[in-house]
2 protein chains.
Amino acid sequence: MTQAPDLQAKKQPRQARAKATVEALLDTAARLLASEGYAAVTTNRVAELAGVSIGSLYEYFPNKEALVAAALARALREIVAEVTLGLREALARPDQPRGGIDHWMRAMVAALEQREALLRAALREVPFLWSISEVRELSNTLQQVAQEGRYKSSRLVHFEDPEASTYLLMSMVWSAILQAVLYRPPHLSRERLIHTLVEMVLKLL
Amino acid sequence: MTQAPDLQAKKQPRQARAKATVEALLDTAARLLASEGYAAVTTNRVAELAGVSIGSLYEYFPNKEALVAAALARALREIVAEVTLGLREALARPDQPRGGIDHWMRAMVAALEQREALLRAALREVPFLWSISEVRELSNTLQQVAQEGRYKSSRLVHFEDPEASTYLLMSMVWSAILQAVLYRPPHLSRERLIHTLVEMVLKLL
DNA sequence: AGTGGTTCCGAGCATTCGCTCGGGTTAGCT
DNA sequence: AGCTAACCCGAGCGAATGCTCGGAACCACT
């Protein structure tokens with residue numbers, strides 16, 4: 001398998017001007033990846049579109065991979081934050097458990113749909129995706145969030161193997177939503193997806 | 001997004017000698033993709049490792065993408081065949097429904113595990129994966145297999161929306177297995193995965 | 001105004017890789 | 001044997017791309 005590249009940031013921007021440069025580079029990299037795919041993300045092009053010279057790019061990122069990794073890590077952190085917030089809101093609702101689960105599902109769908117193109121390109125084309133720490137830790141993070149939901153809600157999962165069940169249930173729901181958002185199966189609208197998933201989860205709890 | 005490349009075969013091998021050449025190229029491409037990732041699959045390298053000249057490679061494949069696509073399509077057809085066979089065997093078992101479901105799950109896990117590295121590289125790195133027709137049709141094919149299983153088994157799924165439910169259930173189980181095989185979560189052994197999945201599916205039927 | 005650190009610049013180097021093309025070799029047939 | 005089509009060969013072309021490097025411009029501080 002391909003060797004994991006160096007993803008460490010090279011240098012920290014100190015002045016405000018430099019911070020803006022780095023932000024512009026990250027934005028442009030993400031935009032380009034989402035709209036034209038990984039092959040279109042060339043360092044020269046990113047620098048040009050960001051209104052920055054290629055030399056400046058290499059002041060803050062050791063190589064191309066580190067740039068893309070930073071852009072993806074930022075997007076992933078946003079997603080995790082939104083899903084976590086969604087769970088908190090879900091637990092606060094009076095119409096448990098259906099209302100809570102429904103709300104949480106919608107939060108996940110929204111978080112993924114907002115970044116649909118970026119996620120598609122990342123998952124399908126970025127070779128070093130799994131050497132980005134935020135990506136590797138995602139499933140653990142999600143599992144922790146799910147466990148928290150299980151503890152705090154009044155309902156409990158009744159399985160012989162609650163740990164594996166929670167992990168699998170979360171993993172399955174997440175995969176199904178991701179799949180549906182990215183692949184858009186023609187006969188499965190967003191509403192139908194959410195409703196069916198809610199029913200299935202309720203049946204399992 | 002990147003434009004879909006031409007994946008049509010250029011010319012058919014007629015003599016046995018030529019057929020062997022094509023097979024060697026497909027084998028080598030798959031092996032290289034599985035062991036070193038997509039970046040390592042260069043046409044010159046594939047030809048060299050296959051013991052064939054680069055000129056001969058381009059006799060039978062119009063471009064690099066078509067070569068990789070052909071190798072992946074072959075692997076996918078094998079997987080579908082094994083999963084379909086697994087369902088037939090499952091339906092013939094006396095210990096329904098648990099024994100059948102368990103058997104089918106094992107068939108899926110085995111089919112995917114056998115090609116673990118190849119699938120990992122394909123799913124993570126091959127940019128044009130979704131312009132391969134066998135890939136695009138996979139989820140439909142699987143759904144049809146699942147529908148067949150639902151009809152032929154004595155048990156029926158009792159959902160308000162049986163079509164969406166079957167699709168989602170199949171999609172979720174498939175994703176969960178694929179996920180588990182490719183990412184090998186540390187606390188989820190094969191046995192634990194299969195057992196938990198069987199329990200969940202039984203609970204949903 | 002001087003100074004040292006920070007930021008920015010962009011032409012071009014070095015390398016890689018997909019693919020062509022002109023020509024040689026082999027198989028199958030009469 | 002002679003002929004044609006199928007098959008095979010591999011040096012090298014052309015284009016793309018990651019990244020360097022020497023130096024200019026800018027900022028914050030005294």
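FYI, side chains are in, hydrogens and waters are out, and symmetry mates aren't considered; it's all heavy atoms of this structure.
- Atom CZ of Arg45(B) and atom P of dG18(C) are 11 Å apart (whole Å).
- Both tests pass for Lys64(A) against the ring of Tyr38(A): distance under 6.0 Å to the centre and angle within 45° of the axis.
- Not one N or O on the side chain of Glu65(B) forms a donor-acceptor pair closer than 3.5 Å with the backbone of Pro5(B).
- The residue Tyr60(A) sits close only to the backbone: its heavy atoms come under 4.0 Å of sugar-phosphate atoms, none of a base.
- Side-chain contact between Asp27(A) and Arg74(A) is present, with heavy atoms from C-beta onward closer than 4.5 Å.
- By the 4.5 Å heavy-atom criterion applied to side chains, Glu137(B) and Gln144(B) are not counted as neighbours.
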TODO: List the steps and the verdict of side chain to side chain contact (heavy atoms under 4.5 Å, CB included) for Ile101(B) and Leu205(B).
DONE: CA-CA 11 Å; Ile101(B) 294 177; Leu205(B) 292 185; 3.8 Å; yes
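- One interatomic measurement links the two molecules: CG of Asn44(A) to P of dG12(C), which rounds to 14 Å at whole-angstrom precision.
- With a cutoff of under 4.0 Å to any heavy atom of chain B, the contacted region of DNA chain D is bounded 5' to 3' by dA6(D) to dA11(D).
- Scanning residues 47-58 of chain B for heavy-atom distances under 4.0 Å to DNA chain D yields Val52(B), Ser53(B), Ile54(B), Gly55(B), Ser56(B).
- A straight line from CD of Glu59(B) to P of dG23(C) spans 16 Å, rounded to a whole angstrom.
- Contact of the Val83(A) side chain with the Trp104(A) side chain is registered, since non-hydrogen atoms from C-beta on lie closer than 4.5 Å.
- Closest approach of Ala66(B) to Asp6(B), counting heavy atoms only: CB-O, 3.9 Å.
- We find that CD of Gln15(B) is positioned 8 Å from P of dA27(C), with the value rounded to whole Å.
- Contacts of Val41(B) with the nucleic acid, taken as non-hydrogen atoms under 4.0 Å apart, involve only primed sugar atoms and P, OP1 or OP2.
- Listed by first and then second residue, the side-chain hydrogen bond (donor to acceptor under 3.5 Å, both in side chains) pairs involving residues 48-61 of chain B are Lys11(B)-Glu59(B) (not counting sequence neighbours).
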